[in-house]
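Note that this is a predicted model, so its numbers are computed, not measured. Reckoned from all heavy atoms, side chains included, excluding hydrogens, waters and symmetry mates. Chain letters run A, B, ... following the sequence lines, proteins first, then strands; residues in each count from 1.
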Amino acid sequence: MITRESIRSVLQSEVGRETVVFGWVRTARASRNVAFAAINDGSCAENLQVVFDRERFSDDRLSGLLTGACVRAAGAVVQSPGQGQVMELHASTLEIVGSVDDAYPLQKKRHSLEFLRSMTHLRPRTNTFANVFRMRHHLCLAIHRFFDEEGFFYIQPPLITSSDAEGAGETFQVTSMPLTAVPMSEGRVDFSHDFFRAPAFLSVSAQLEAEPLALALGKVYTFGPTFRADPSDTRTHAAEFWMIEPEMAFFDLEDNMNLIERFMKYCARYVAERCAHEVEFFQTHYEPRLGERYRTIVENEFGRITYKEALKSLSEAGANLETVPVWGDDFTSEHQRHLAGNVFGRPVFVTDFPACIKPFYMRVNDDGETVAGVDLFAPVVGELVGGSQREERLEHLERRARQAGMNLETYRWYLELRRWGTAPHSGFGLGFDRLLMYLTGMENIRDVIPYPRAFGKMY
RNA sequence: UCCCCGAUAGCUCAAUCGGCAGAGCGGGUGGCUGUUAACCACUAGGCUGUAGGUUCAAGUCCUACUCGGGGAGCCA
């Protein structure tokens, strides 16, 4: 058994005792009488300064104390006479657990995020990525806590599905057939030889699978990976990302929006409290207005306008925009940023979109031409959430599915939910990694995911 | 997929009109010092992304490609 105390624990404890720490050297420097090493073990953002008395430690023993080396140090926790830290470890023993050679790529100085992206195995050792991944953990917990406190049940939908979830994006196909010799029959792929004896895909959304659970358990949420084969090569798209998809029986669109807003406020408050050091770090190094962003989320009510009102607002801004949308257009990222950034200066809900630009499952409004859908646009990052009240009336749902050219037989189970004990219900989807971008200020989704998968690239 | 920008030492970047390849950091050596991305001196380190072309001369201009970044579209 390895005896060891985390640096987090050391820094939170009292001075005047012996301990043992392990960690990676961030910086090291030697003076005539003493040598210093700042070591970090990932348990917290702060380094522990370890001091070596040079009468006790020969030059030879200290020579392995290089940036990146993994070390074990034992000694006394003492008050630091220096300025930069409250306490430090006065070492009695030093062991180089894992040495480094001079090819170790991480240096004391700042590296570009692009450079670090090329080494996903090493970048967690930098302050930036350690902070991102620590916050990622806390945000996950915030999400589970929020839904638990709200009376939701956490469900795990299948990742392999038989449907290609209408409208949600391109799918990755899953097969056990050899691609070099795909069984064919009458010019078509013969799926009777495939693993499931039918085409199978990686899930692009858990919504359709979550609805039946909501119509039994009341309030449920999913939180897991989603796969999209969209050839979108942008800083906000990943081929594999995590989504939060709550689904609630007896929720109309307004209930839905209220929930989204409570969710966002809860997450921001939770992270601001639990990750105060990390938030401060990101504010200092990446987004000077991050604190303001948190305050805006927590303290202000989100904006709420309809698609129609948004169109009006955008046409008034006309000259300042590249394009002005007309009825039936989807909003571009420029429109989203304008509404959230310039018009409201805070996250804003846009509701009641034309039916023709939204999927078949969104509930048709009384006007017959719009649907009870909602998007949440945030300043800087654009669309964060997409949701809707679901169409619970069988005849409406069938009509819209037919209009969309869908094979009703494939969705028979989905339609049966409306045939037997249907109920008004709503839900939404939120991109977890984008939320993390919003709360860290990181501007590329590839910098908030440990091993990003993107169009044309596996890091 | 389209548009724009970029690629120079291990890293971050300079290099004027096309005219000798530079600095800081990191590495090595020495000095100084309870130091804080320590500091000072010296030192090693380069087929300027790849392949062609123009020119007396190309890091610099032209073409193609590769890789990286940003934007658009689509979405979360």
Inset, instruction - Check the distance between B:rU1's C1' and A:His237's NE2 and give it to me in whole angstrom. - result: 14 Å
Inset, instruction - Using atom OH of A:Tyr459 as one end and atom P of B:rC67 as the other, report the distance to the nearest whole Å. - result: 12 Å
Inset, instruction - Report the nucleotide, chosen from B:rC74, B:rG68, B:rG34, that has the shortest atom-to-atom distance to any side-chain atom of A:Ser232. - result: B:rC74
Legend entry - side-chain N/O A:Asn444 vs B:rG70 OP1/OP2, d < 4.0 Å: yes
Inset, instruction - For B:rU63 versus B:rG18, give the span between their P atoms, rounded off to a whole number of Å. - result: 16 Å
Inset, instruction - Select one nucleotide: of B:rU36, B:rG73, B:rG34, the one nearest the side-chain heavy atoms of A:Arg29. - result: B:rU36
Inset, instruction - Could you tell me the separation between the CG atom of A:Leu66 and the C1' atom of B:rA37, rounded to a whole number of Å? - result: 16 Å
Legend entry - Separation of B:rG68 P from A:Leu116 CG (nearest whole Å): 15 Å
Inset, instruction - Starting from C1' on B:rG69, measure out to CG on A:Asp233 and report it in whole angstrom. - result: 10 Å
Inset, instruction - Please state the P separation for the pair B:rG68 and B:rU12 - nearest whole angstrom. - result: 15 Å
Inset, instruction - Could you name each residue pair satisfying side chain to side chain donor-acceptor pair (under 3.5 Å) that touches residues 448-459 of chain A, not counting sequence neighbours? - result: A:Arg446-A:Tyr459
Inset, instruction - Sorted by first residue and then second, give each side chain to side chain donor-acceptor pair (under 3.5 Å) pair with at least one member in residues 238-249 of chain A; sequence neighbours left out. - result: A:Ser205-A:Glu245, A:Glu247-A:Arg390
Legend entry - A:Phe281 and A:His285 aromatic ring geometry - parallel, tilted or perpendicular at 30°/60° bounds: tilted
Legend entry - Nearest-neighbour nucleotide for the A:Arg446 side chain, B:rG34, B:rC75, B:rG69 considered: B:rG69
Inset, instruction - Check A:Arg145, A:Glu149, A:Glu150 against A:Tyr266 for a side-chain hydrogen bond (donor to acceptor under 3.5 Å, both in side chains) and give me the one that passes. - result: A:Glu149
Inset, instruction - Using a cut-off of 6.0 Å, state whether more than 12 heavy atoms not belonging to A:Glu95 lie near its atom CD. - result: yes
Inset, instruction - Give the dot-bracket string for RNA chain B, reading 5' to 3', where a pair is Watson-Crick or G-U wobble with both distances under 3.5 Å, ( ) marks pairs inside the strand, [ ] marks pairs crossing earlier ones, | marks a partner on another strand, and . marks unpaired. - result: (((((((..((((.....[..)))).(((((.......))))).....(((((..]....))))))))))))....
Inset, instruction - Have a look at B:rC39 and give me syn or anti from its glycosidic angle (syn if within 90° of zero). - result: anti
Legend entry - A:Arg235 side chain, from C-beta outward: closest of B:rG34, B:rC75, B:rG70: B:rG70
Legend entry - Rounded P spacing from B:rG70 to B:rC62 in Å: 25 Å
Legend entry - P atoms of B:rU1 and B:rA58, separation to the nearest Å: 35 Å
Legend entry - Backbone N/O of A:Ile297 and side chain of A:Asn300: donor-acceptor pair under 3.5 Å: no
Legend entry - Protein-nucleotide distance (A:Leu106, atom CG; B:rG26, atom P), rounded to Å: 14 Å
Inset, instruction - Anything under 30° is parallel, anything over 60° is perpendicular, the rest tilted; go ahead and classify A:Phe152 against A:Tyr221. - result: perpendicular
Legend entry - Residue list, salt bridge (charged side-chain N to carboxylate O under 4.0 Å, His left out) with A:Glu209, at least two apart or on another chain: none
Inset, instruction - Using the ring-ring contact (aromatic ring centres under 6.0 Å, His included) rule, collect all pairs that involve residues 318-342 of chain A, keeping only residues at least two apart or in two chains. - result: A:Tyr307-A:Trp327, A:Tyr307-A:Phe331
Legend entry - Euclidean distance for C1', B:rG24 against B:rU8 (whole angstrom): 15 Å
Inset, instruction - Determine the interatomic distance between C1' on B:rG22 and the same-named atom on B:rA14; round to the nearest Å. - result: 7 Å
Inset, instruction - Quick one: pull up CZ in A:Arg134 and CG in A:Asn131 and give me the separation to the nearest 0.5 Å. - result: 5.0 Å
Legend entry - Base-contact (B) and sugar-phosphate-only (S) positions in nucleotides 3-11 of chain B, heavy-atom cut-off under 4.0 Å, - elsewhere: -------BB
Legend entry - Candidates A:Asp330, A:Asp352, A:Asp375 - the one meeting side-chain hydrogen bond (donor to acceptor under 3.5 Å, both in side chains) with A:Lys358: A:Asp375
Legend entry - Atom-to-atom span, CD1 of A:Ile445 to P of B:rG71 - whole angstrom: 13 Å
Legend entry - B:rG26 to B:rA9 separation - C1' atoms, rounded to the nearest Å: 11 Å
Inset, instruction - Please determine, for the side chain of A:Arg32, which listed nucleotide (B:rG69, B:rU33, B:rC75) has the closest atom? - result: B:rU33
Inset, instruction - Could you check how far CZ of A:Arg54 sits from P of B:rU33, rounded to whole Å? - result: 12 Å
